[in-house]
K.L.:
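Please see the structure below; I have some questions.
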Amino acid sequence: MKQPGSVQQTLRHTALGLSDERAVEMYKTMMLARRFDERGQLLQRAGKVNFHISGITQEPSQVAMGFAMDLKNDWFLPYYRDYGFVLSLGMTVKDLMLSVFAKGEDPNSAGRQMPGHFGSKRLRIVTGSSPVTTQVPHATGLALAAKMRGEPSVAIVTFGEGSSNQGDFHEGCNFAGVHQLPVIFVCENNQYAISMPLAKQTRGRICDRALGYGFPGIRVDGNDPLEVYRVVKEARDRAIAGEGPTLIEIMTYRVTAHSTSDNDMAYRTKEEVDLHRGKDSLPVFKKYLEEAGLWSDDQETKLQADIRAMIDEANEYAEKAPFQSTDDAFRYVYAEQSGEEL
Amino acid sequence: MKQPGSVQQTLRHTALGLSDERAVEMYKTMMLARRFDERGQLLQRAGKVNFHISGITQEPSQVAMGFAMDLKNDWFLPYYRDYGFVLSLGMTVKDLMLSVFAKGEDPNSAGRQMPGHFGSKRLRIVTGSSPVTTQVPHATGLALAAKMRGEPSVAIVTFGEGSSNQGDFHEGCNFAGVHQLPVIFVCENNQYAISMPLAKQTRGRICDRALGYGFPGIRVDGNDPLEVYRVVKEARDRAIAGEGPTLIEIMTYRVTAHSTSDNDMAYRTKEEVDLHRGKDSLPVFKKYLEEAGLWSDDQETKLQADIRAMIDEANEYAEKAPFQSTDDAFRYVYAEQSGEEL
Amino acid sequence: MPVIEYIDAIRLAMKEEMERDNDVFVLGEDVGLKGGVFGTTKGLQLQFGEQRALDAPLAESAIAGVAIGAAMAGMKPIAEMQYSDFMFPATNQIISEAAKIRYRSNNDWDCPIVIRAPIGGGVFGGLYHSQCPESVFFGTPGLKIVAPATAYDAKGLLKAAIRDPDPVIFFENKKCYRLISDEVPDEDYIVPIGKANVMREGSDITVIGYSMPLHFAMQAAEDLSQEHGIEAHILDLRTIQPLDREGILEAVSKTGKVLIIHEDNKTGGIGAEVAAIIAEELLYDLDAPIRRLCGPDVPAMPINPPGEKHFLLNKEKVKAAMLELARY
Amino acid sequence: MPVIEYIDAIRLAMKEEMERDNDVFVLGEDVGLKGGVFGTTKGLQLQFGEQRALDAPLAESAIAGVAIGAAMAGMKPIAEMQYSDFMFPATNQIISEAAKIRYRSNNDWDCPIVIRAPIGGGVFGGLYHSQCPESVFFGTPGLKIVAPATAYDAKGLLKAAIRDPDPVIFFENKKCYRLISDEVPDEDYIVPIGKANVMREGSDITVIGYSMPLHFAMQAAEDLSQEHGIEAHILDLRTIQPLDREGILEAVSKTGKVLIIHEDNKTGGIGAEVAAIIAEELLYDLDAPIRRLCGPDVPAMPINPPGEKHFLLNKEKVKAAMLELARY
Ligand SMILES: Cc1ncc(C[n+]2csc(CCOP(=O)(O)OP(=O)(O)O)c2C)c(N)n1
Ligand SMILES: Cc1ncc(C[n+]2csc(CCOP(=O)(O)OP(=O)(O)O)c2C)c(N)n1
Ligand SMILES: [Mg+2]
Ligand SMILES: [Mg+2]
């Protein structure tokens with residue numbers, strides 16, 4: 001890393017084709033995700049909401065993913081910890097707050113689903129469910145549609161390492177491999193699936209599975225968002241060039257309990273968690289921007305204030321917003337206008 | 001290969017620890033499977049039975065598998081083409097004929113299931129079904145039981161390369177990998193799944209999938225039964241030593257149509273089939289035995305006569321045998337004596 | 001009007017819909033060059049290319065799941081399950097995903113897929129090539145389920161299913177494929193989902209069913225009419241979810257005596273719901289207990305011929321039940 | 001007799017059976033150190049070691065399939081599905097395998113597994129942590145299905161299920177876990193599979209159900225007795241497959257008016273079969289149409305509190321239906 005102002009060397013983000021503005025934007029989005037996530041935890045602890053699930057320390061790589069994609073054309077299939085990812089795709093804190101409070105205006109599900117179950121057709125974020133890994137074949141299907149229609153769209157789907165042991169992972173990857181579809185499979189390997197450490201989920205490396213499907217598998221350090229950006233961007237380029245899928249395993253760590261319903265001290269130690277919390281790449285990325293001369297203390301102060309205001313406002317709005325009316329609670333089991341008349 | 005009587009070099013089967021008698025027995029079993037299979041086809045063509053499914057040219061490796069296992073302790077989960085395999089495990093031609101004719105005395109299912117759906121508790125052949133690949137997690141479960149009970153049992157399960165794309169393959173392998181269970185997963189890659197060539201089933205190599213589960217994956221030439229024997233035996237030794245599962249991919253080719261209900265000329269050429277039929281390892285293995293001084297024309301003549309007689313007898317017996325009575329047709333939905341009284 | 005086979009009606013429905021709408025495509029095992037193991041997709045790959053008659057790896061959860069993904073992208077996939085017995089690996093994708101996509105997203109997303117799956121026995125298919133899995137999917141809100149008995153309905157319902165904005169399971173009966181032929185117009189038409197059909201008018205007893213067994217009832221009805229002057233009113237449900245409540249109640253009202261028939265096993269089958277609806281709405285109009293004649297409660301039918309025959313409904317069994325009811 | 005919670009009854013049943021029989025073991029996600037996400041397996045790993053309280057990779061088809069394999073080797077596995085909503089990936093293993101192993105092998109093989117799965121809503125679990133999947137598995141011959149409402153039955157039925165030589169699905173209600181406590185003897189006992197239980201004697205109306213909603217009916221019955229002198233006869237099915245036909249018919253005969261309740265959605269639910277059985281056997285003993293009060297026919301319940309409440313049964317809704325029936 002270099003001193004502020006020194007520009008003798010090309011900066012990493014510049015070398016990756018990221019403008020200074022975009023690099024800064026990445027940082028802001030990471031921080032927004034972090035603060036939103038923290039607020040979610042607080043709200044649950046305060047008894048304002050029933051449940052929160054956290055992506056803390058996974059956000060830098062999530063945001064990097066989003067920044068590597070084409071928001072106009074691509075398809076996004078995030079999983080429940082992906083606040084950083086969906087915020088980088090255009091979802092707002094207000095949207096997320098409405099979801100946390102399960103309010104009618106929530107664009108994800110009108111407060112029908114749990115928080116973390118994202119979906120917005122406008123943002124090309126595909127509606128998700130709770131049974132893990134079902135989204136993997138969906139991503140393959142979206143990529144198949146893109147290929148059939150000749151559209152420049154890539155589908156990117158995320159899931160945990162525990163979830164990668166479901167049959168749907170295998171079937172979805174293999175199908176995409178056969179048909180060389182434009183899809184990126186991203187495993188956010190945070191080394192726990194609720195209480196179960198990686199070693200109890202699998203004895204192999206997730207990234208190595210790609211070999212059996214005939215496409216590249218890459219492991220990347222989740223604490224290096226610029227490297228994540230690079231790898232995802234390359235995968236996207238390959239996909240667009242018709243070179244097929246890529247499996248990316250992002251190595252990270254779940255520093256919170258699985259969710260607010262979980263007590264992780266029943267199955268791991270505080271020391272282990274603290275060790276990993278210490279590797280948080282958010283301050284590291286901030287430092288990188290500072291050293292690149294792109295970020296200052298003043299900017300930081302302002303950012304924190306802005307974020308705080310935004311979250312407060314969203315929080316307040318969402319808390320006051322109405323639930324979906326019970327008149328509407330059972331609507332949309334089927335289309336209200338049947339296609340038969342078409 | 002050597003001249004009859006010349007023993008300067010150690011013979012391959014001897015080096016593998018196979019006695020001359022066992023090597024000859026292997027050949028006899030292969031030939032029995034072949035002739036049974038041919039009879040099955042004839043019976044179907046003659047309209048005596050509705051259906052036959054063939055394992056022709058896959059038998060040499062199937063028999064090699066059986067010979068590498070411990071019939072007293074191991075568990076066997078064959079798939080529908082495994083006549084050679086089950087014959088090497090103690091199933092008789094009469095048993096198979098009773099199954100082909102769907103007669104009540106059929107030990108596999110009393111004529112309830114299609115032929116090729118093997119099962120015999122006595123022979124430790126685990127009852128199978130038609131939905132492919134469900135047997136893979138079962139094998140893992142049998143291996144788990146062996147490990148829990150400290151029994152010296154290894155489970156060996158076979159399936160086609162098409163079937164290896166089912167989620168159950170992935171889930172069953174991965175579970176076995178995590179718990180380092182004594183199980184051998186054998187893919188009989190005959191390069192077609194009904195009409196679909198390998199390239200439409202997967203872009204990877206099946207054997208490479210083992211890497212992602214953290215255990216060895218080995219590809220072996222199905223036309224070299226002694227090599228198949230060696231590989232399976234090694235896998236068994238590893239399993240018994242507590243070193244966990246092995247995935248074996250046997251490269252072979254389906255020379256018949258998928259079944260008697262299929263017309264393979266709709267999707268492949270006669271030339272392609274003939275090319276592979278020419279690689280049939282049954283005559284090659286015979287030649288090997290002859291050159292080793294273990295087999296003669298006279299023995300061959302006698303073998304063919306014996307097999308002919310055995311099959312004729314079984315055929316006649318099975319044809320005349322009664323179907324399961326309709327009184328019994330609906331028995332055994334549940335245990336007839338409930339365990340609640342235990 | 002040309003008389004065509006049930007299987008051709010299915011094939012033609014797909015062909016015509018694929019001609020009509022570029023977003024329609026079919027995927028499944030062996031649907032390409034081979035044209036499906038029964039021949040339902042024969043010729044489609046030749047006409048529409050490899051992508052629109054897409055051979056899928058042997059993995060039903062992916063066939064359903066990929067179809068769902070493509071549908072969410074705006075395509076209109078027809079996912080073929082080679083046998084309905086083999087659709088269970090796709091249950092999670094069908095029940096947790098397809099059925100709930102519209103509801104869970106508050107109408108933001110939809111999932112217009114068709115899942116075709118051949119049901120029924122009588123083809124010496126044994127335990128796993130003969131099953132009727134209706135009861136597994138019936139009762140899952142968000143799914144529509146149709147099960148035609150005639151070539152006319154097969155074509156019209158499949159077209160309706162393809163054009164429907166929601167997931168539709170299309171249970172085609174493999175015994176009907178070549179056994180059932182009837183008049184099918186050349187012109188485009190649909191059979192609306194959710195509407196039952198009176199196959200025969202009568203005033204003595206009502207028979208309600210769907211798929212293959214209705215043909216036994218029709219034959220039995222002719223016999224009973226000639227032999228005993230008993231006139232059966234026969235209702236083909238056609239759509240088994242959502243059920244046509246009005247159609248059912250009207251048909252029962254006609255006679256006050258009802259026999260429900262299906263090949264799926266009795267307990268927990270569609271017939272239970274039909275009976276429950278009648279018991280809820282028309283109890284005082286009934287002149288006899290509600291009877292069901294269905295597959296026996298065993299895991300599936302044996303392959304051996306006497307066992308298979310013992311399991312299956314046929315004209316005689318249905319006739320006996322109809323006569324008994326008429327005489328009640 | 002000690003009063004214990006429903007969840008402890010489940011835990012104790014496993015603990016005691018594991019002590020009694022070395023072949024019994026439990027496998028599932030997080031069943032080890034964590035003791036399950038609800039705590040049903042708490043302490044088992046400590047007592048019995050890692051193998052007999054086995055953390056399984058996140059793959060339900062394998063959890064079921066491996067359990068089936070182990071059962072065929074003579075073990076007595078208890079496979080835990082973390083939520084019943086997540087058992088659908090295991091459908092093929094349950095329906096195609098577990099249910100058919102004995103039948104397809106003509107009694108040569110058997111499959112004595114228990115599949116435990118928590119059902120039901122009211123815990124702000126939203127669409128996928130609240131479902132009642134009974135109707136998916138109901139109607140599959142070869143499976144037994146139990147769904148206890150009380151701690152006593154939970155313990156006794158789970159023990160019976162573990163000792164049963166056939167596959168049993170054990171649907172435990174997550175709302176009951178800590179809400180329901182009752183007397184459970186210290187001594188070993190089982191509750192026989194296949195026998196319903198009269199929870200309350202009465203002569204005016206019969207309520208038939210299973211699992212959590214019965215508690216609403218019991219509360220409502222007390223109110224109705226005090227407020228209107230209406231005495232409800234309440235039958236807990238306990239086993240939903242095979243249904244206790246005699247128990248059902250006897251309970252209906254007592255009053256001639258029947259209300260069936262369950263949380264699973266109405267169409268295609270267990271209630272349909274219960275109604276069909278009654279309509280088949282007791283039509284002329286009925287003094288009112290057979291009523292069902294069930295979950296609405298929507299994919300699943302919303303997480304937002306008014307939506308969840310709107311979906312779920314409660315004492316008031318059940319009471320209103322009982323009163324209406326009594327006054328019919
Ligand atoms: C099919 C299914 N089974 C079980 C669950 C319950 N469950 C929710 S999250 C989770 C662990 C997921 O672990 P992982 O995939 O590693 O993702 P992480 O939570 O660690 O990000 C489990 C078991 C589920 N949602 N779906
Ligand atoms: C779950 C399931 N889907 C579809 C089928 C129909 N089917 C039977 S065999 C077969 C092809 C199997 O190919 P492969 O696994 O390569 O084995 P092979 O027949 O070539 O030996 C298919 C699709 C089935 N039996 N089970
Ligand atoms: Mg994880
Ligand atoms: Mg093959």
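First the proteins, then the strands, lettered A, B, ... as listed; each starts at 1.
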K.L.:
Output the distance between atom CG (A/Leu144) and atom CG (C/Leu54), rounded to the nearest 0.5 Å.
P.N.:
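Answer for the CG-CG pair, A/Leu144 versus C/Leu54, is 6.0 Å.
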
K.L.:
When you measure from the side chain of C/Arg104 to the backbone N and O of A/Thr127, does any donor-acceptor pair fall under 3.5 Å?
P.N.:
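Yes; at least one donor-acceptor contact below 3.5 Å.
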
K.L.:
Is it the backbone or the side chain of C/Ala67 that comes under 4.5 Å from a heavy atom of chain A, or both, or neither?
P.N.:
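When you check distances to chain A, no heavy atom of C/Ala67 falls under 4.5 Å.
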
K.L.:
For A/Ile125 versus C/Trp109, what's the shortest heavy-atom pair and its separation?
P.N.:
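Here A/Ile125 and C/Trp109 meet closest at O-CZ2, 3.1 Å.
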
K.L.:
Considering only heavy atoms from C-beta outward, does the side chain of A/Lys121 approach that of C/Met72 to under 4.5 Å?
P.N.:
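No - every pair of side-chain heavy atoms lies 4.5 Å or more apart.
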
K.L.:
State whether A/Arg149 and C/Asp23 are salt-bridged, where the test is any N-O pair (Lys NZ or Arg NE/NH1/NH2 against Asp/Glu carboxylate O) under 4.0 Å.
P.N.:
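Counted as a salt bridge, because a side-chain N and a carboxylate O are separated by less than 4.0 Å.
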
K.L.:
Measure A/Val178 against the heavy atoms of chain C and call it side chain, backbone, both or neither at under 4.5 Å.
P.N.:
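The side chain, not the backbone.
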
K.L.:
Where on A/Arg331 is there a heavy atom nearer than 4.5 Å to chain C: the side chain, the backbone, both, or neither?
P.N.:
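When you check distances to chain C, only backbone atoms of A/Arg331 fall under 4.5 Å.
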
K.L.:
If you count heavy-atom pairs within less than 4.5 Å of chain C, which of A/Ser130, A/Gly128, A/Ala145 leads?
P.N.:
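Option with the top pair count is A/Gly128.
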
K.L.:
Tell me whether the count of non-hydrogen atoms from other residues, nucleotides or ligands lying under 6.0 Å of CG in C/Leu46 goes above 12.
P.N.:
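12 or below, so no.
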
K.L.:
Under 4.5 Å heavy-atom distance to chain C, tell me which part of A/Leu142 shows up: side chain, backbone, both or neither.
P.N.:
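For A/Leu142, backbone and side chain are both near chain C.
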
K.L.:
Pick whichever of C/Gly69, C/Ala70, C/Ala59 has the most heavy-atom pairs under 4.5 Å with chain A.
P.N.:
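Looking at each option in turn, the highest pair count goes to C/Gly69.
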
K.L.:
Of all heavy-atom pairs between C/Asp166 and A/Ala335, which one has the smallest distance, and what is that distance?
P.N.:
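In this case the closest contact between C/Asp166 and A/Ala335 is OD2-N, 2.7 Å.
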
K.L.:
Other residues, nucleotides and ligands only: do more than 12 of their heavy atoms fall within 6.0 Å of CD on C/Glu250?
P.N.:
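No, the 6.0 Å shell around CD holds no more than 12 heavy atoms from other groups.
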
K.L.:
Please classify the contact between C/Gln51 and chain A as side chain, backbone, both or neither, with a heavy-atom cut-off of under 4.5 Å.
P.N.:
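When you check distances to chain A, atoms from both the backbone and side chain of C/Gln51 fall under 4.5 Å.
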
K.L.:
Any donor and acceptor pair, going by atom type alone, linking the side chain of C/Asp108 with main-chain N or O of A/Asn108 inside 3.5 Å?
P.N.:
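Not confirmed, C/Asp108 side chain does not pair with A/Asn108 backbone.
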
K.L.:
Select one option (side chain, backbone, both, neither) describing which atoms of A/Glu151 are under 4.5 Å from chain C's heavy atoms.
P.N.:
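For A/Glu151, no heavy atom lies under 4.5 Å from chain C.
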
K.L.:
To the nearest 0.5 Å, what is the distance between OG (A/Ser109) and NZ (C/Lys100)?
P.N.:
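Taking OG in A/Ser109 and NZ in C/Lys100, the distance rounds to 14.5 Å.
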
K.L.:
Just by modelled atom types, is the C/Tyr103 backbone N or O under 3.5 Å from a matching donor or acceptor in the A/Tyr334 side chain?
P.N.:
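Not confirmed, A/Tyr334 side chain does not pair with C/Tyr103 backbone.
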
K.L.:
Taking every non-hydrogen pair under 4.5 Å, which of C/Lys159, C/Arg52, C/Met75 racks up the most with chain A?
P.N.:
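Highest number of heavy-atom pairs under 4.5 Å: C/Met75.
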
K.L.:
Find the distance between NE2 (A/His179) and CG (C/Asp55) and round it off to the nearest 0.5 Å.
P.N.:
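With rounding to 0.5 Å, NE2 (A/His179) is 7.5 Å from CG (C/Asp55).
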
K.L.:
Would you give the length of the straight line joining atom CD of A/Gln135 to atom CD1 of C/Ile68, rounded to the nearest 0.5 angstrom?
P.N.:
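Reported value, rounded in 0.5 Å steps: 12.0 Å.
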
K.L.:
Which residue out of A/Ser120, A/Ala139, A/Gly141, A/Pro131 racks up the most heavy-atom pairs below 4.5 Å with chain C?
P.N.:
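Of A/Ser120, A/Ala139, A/Gly141, A/Pro131, A/Gly141 has the most heavy-atom pairs under 4.5 Å with chain C.
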
K.L.:
Roughly how far, to the nearest 0.5 Å, is OG of C/Ser61 from NE2 of A/His170?
P.N.:
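Interatomic distance, A/His170 NE2 to C/Ser61 OG, rounded to 0.5 Å: 11.5 Å.
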
K.L.:
Show your working on side-chain contact (heavy atoms from CB on, under 4.5 Å) between C/Arg102 and A/Val333 and close with a plain yes or no.
P.N.:
CA-CA 7 Å; C/Arg102 184 186 297 282; A/Val333 178; over 6 Å; no

K.L.:
Which distance, rounded to the nearest 0.5 Å, do you find between the CG of A/Asp106 and the CG of C/Asn106?
P.N.:
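Interatomic distance, A/Asp106 CG to C/Asn106 CG, rounded to 0.5 Å: 8.5 Å.
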
K.L.:
Pick one of side chain, backbone, both or neither for A/His117, based on which atoms fall under 4.5 Å of a heavy atom in chain C.
P.N.:
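Contact with chain C is absent: no heavy atom of A/His117 under 4.5 Å.
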
K.L.:
So, C/Asn107 and A/Glu336: side-chain donor and acceptor under 3.5 Å apart, yes or no?
P.N.:
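On atom types as modelled, these side chains do not qualify, holding no pair under 3.5 Å.
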
